[in-house]
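One structure is given here, and the rest of the page talks about it.
Reckoned from all heavy atoms, side chains included, excluding hydrogens, waters and symmetry mates. Order of the sequence lines fixes the chain letters, A, B, ..., with proteins taken first and strands second; residue numbering starts at 1 for each chain.
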Amino acid sequence: MASSMCAAALSPSSAAAILSLPNRGLTLALLHRKARPFSFSVDRSSTSPAPLLSAPPLVSPSTLFSRKWKLSAAPEESPEEPEEPSVPEPVEAQIAAAATAKGEDVFAVVMIGSRQYIVFPGRFIYTQRLKGANVDDKIILNKVLLVGTRTKTYIGQPVVTNAAVHAVVEEQGLDKKVIVFKFKKKKNYRRTIGHRQPRTRIRITGITGYEDFPFETLPEMVPA
Amino acid sequence: MNKDKIFKLAKGFRGRAKNCIRIARERVEKALQYSYRDRRNKKRDMRSLWIERINAGARLHGVNYGNFMHGLMKENIHLNRKVLSELSMHEPYSFKALVDISRKSFPGNKVPKKEGLSTIL
């Protein structure tokens with residue numbers, strides 16, 4: 001699935017990034033987020049620190065680069081204060097910092113090119129090539145089927161009216177090469193074709209316009 | 001394809017199939033045929049996986065998959081099975097809201113009567 005590959009995407013500009021990570025707990029929180037691209041920032045059913053701490057301690061390159069994207073995409077956010085190494089922050093504060101630093105606890109289900117994606121502000125997704133969209137174009141996606149916040153869910157029938165997902169086109173590129181090999185046995189028929197599907201990477205900047213829609217209030221989350 | 005390309009595609013194959021060109025060529029051709037076929041099968045497999053997950057998630061709330069999807073169609077909710085399965089895994093409260101909407105629109109499953117101690121709970 002195209003969107004599941006987003007965590008491993010690297011752009012040429014970030015390939016040479018050297019990063020110093022202020023604290024390891026935040027990295028683990030980001031790893032947890034990036035390791036499962038469809039998982040949401042804070043699980044509604046249980047916010048236990050256990051899954052975060054069980055993430056592997058090795059920092060993968062994709063996490064480093066995704067962290068760099070966060071810094072370059074949102075320069076107005078204040079950088080983290082340097083923590084004293086002797087006093088580790090409580091895990092809940094680290095989770096909260098990671099959750100609020102990237103996306104404001106909203107998600108939406110948006111339909112692009114007859115495919116549906118679960119979308120968070122601050123993350124990117126790969127879609128089919130959007131014709132006529134150039135790099136750094138601002139895009140508004142209108143087909144929003146569901147918007148969810150921490151306490152409310154806006155379920156569209158079929159669409160949440162007046163809701164809009166704002167995004168920026170980052171890259172118009174090609175997917176990884178796939179070899180299409182056609183073969184008929186005993187007839188000496190072999191055809192090899194290489195295929196790269198054109199795709200667009202868009203970064204979601206915000207989700208707006210859903211507040212007036214009728215919503216379902218969700219029960220309070222009880223942290224485990 | 002020349003030999004280098006064959007050996008590059010034959011990485012991880014068992015035994016002589018990764019090192020000897022005659023055997024590697026056969027195995028690589030087979031592998032490419034399988035990948036052609038399985039690119040089509042993957043779409044089917046993923047859809048049945050999503051359906052399994054939606055079924056499991058909805059049965060936790062007392063509704064089976066058929067009645068759940070029927071209720072969603074009646075309510076004109078066009079979320080697809082991929083998104084529904086993700087919601088059932090990671091957004092349980094939103095999924096419960098969807099199940100309630102579906103049950104209200106199409107009450108095919110009776111909520112099982114609780115007996116004995118569970119009536120108090």
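Heavy-atom contacts from other residues, nucleotides or ligands closer than 6.0 Å to CZ of B:R16 number 12 or fewer. Other residues, nucleotides and ligands place more than 12 heavy atoms under 6.0 Å from the CZ atom of B:R37. A:K143 NZ: 12 or fewer foreign heavy atoms inside a 6.0 Å radius. Within a 6.0 Å sphere centred on CZ of A:R129, heavy atoms belonging to other residues, nucleotides or ligands number more than 12. No more than 12 heavy-atom neighbours from other residues, nucleotides or ligands sit within 6.0 angstrom of OH on B:Y34.
Interface summary for chain A: among B:D100, B:N80, B:I101, B:I77, the most heavy-atom pairs under 4.5 angstrom belong to B:N80.
Note that the CG atom of A:L218 and the OG atom of B:S94 stand 5.0 Å from one another [nearest 0.5 Å]. B:Q33 contributes atom CD, which lies 13.0 Å from atom NZ of A:K182 (distance to the nearest 0.5 angstrom). Here the NZ-CZ distance, from B:K82 to A:R115, works out to 7.0 Å after rounding to the nearest 0.5 Å. For the atom pair B:E29 CD and A:T192 OG1, the distance stands at 8.0 Å (nearest 0.5 Å). A:Q157 contributes atom CD, which lies 10.0 Å from atom CG of B:L72 (distance to the nearest 0.5 angstrom). Considering CZ of A:F107 and CD of B:E91, their distance stands at 4.0 Å, rounded to 0.5 Å.
Taking 4.5 Å as the limit, every side-chain heavy atom of A:T153 sits out of range of all side-chain heavy atoms of B:L98.
When all heavy atoms of A:I118 and B:E86 are compared, the pair lying nearest together is CD1-CB, 3.6 Å.
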query = Going through the distances and angles, do A:L145 and B:V83 end up as a side chain to side chain contact (heavy atoms under 4.5 Å, CB included)?
reply = CA-CA 10 Å; A:L145 303 168; B:V83 159; over 6 Å; no
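Proximity to chain B (any heavy atom under 4.5 Å) is shown, for A:V180, by both the backbone and the side chain. Of the atoms belonging to A:E216, it is side-chain heavy atoms, and not backbone ones, that fall under 4.5 Å from chain B.
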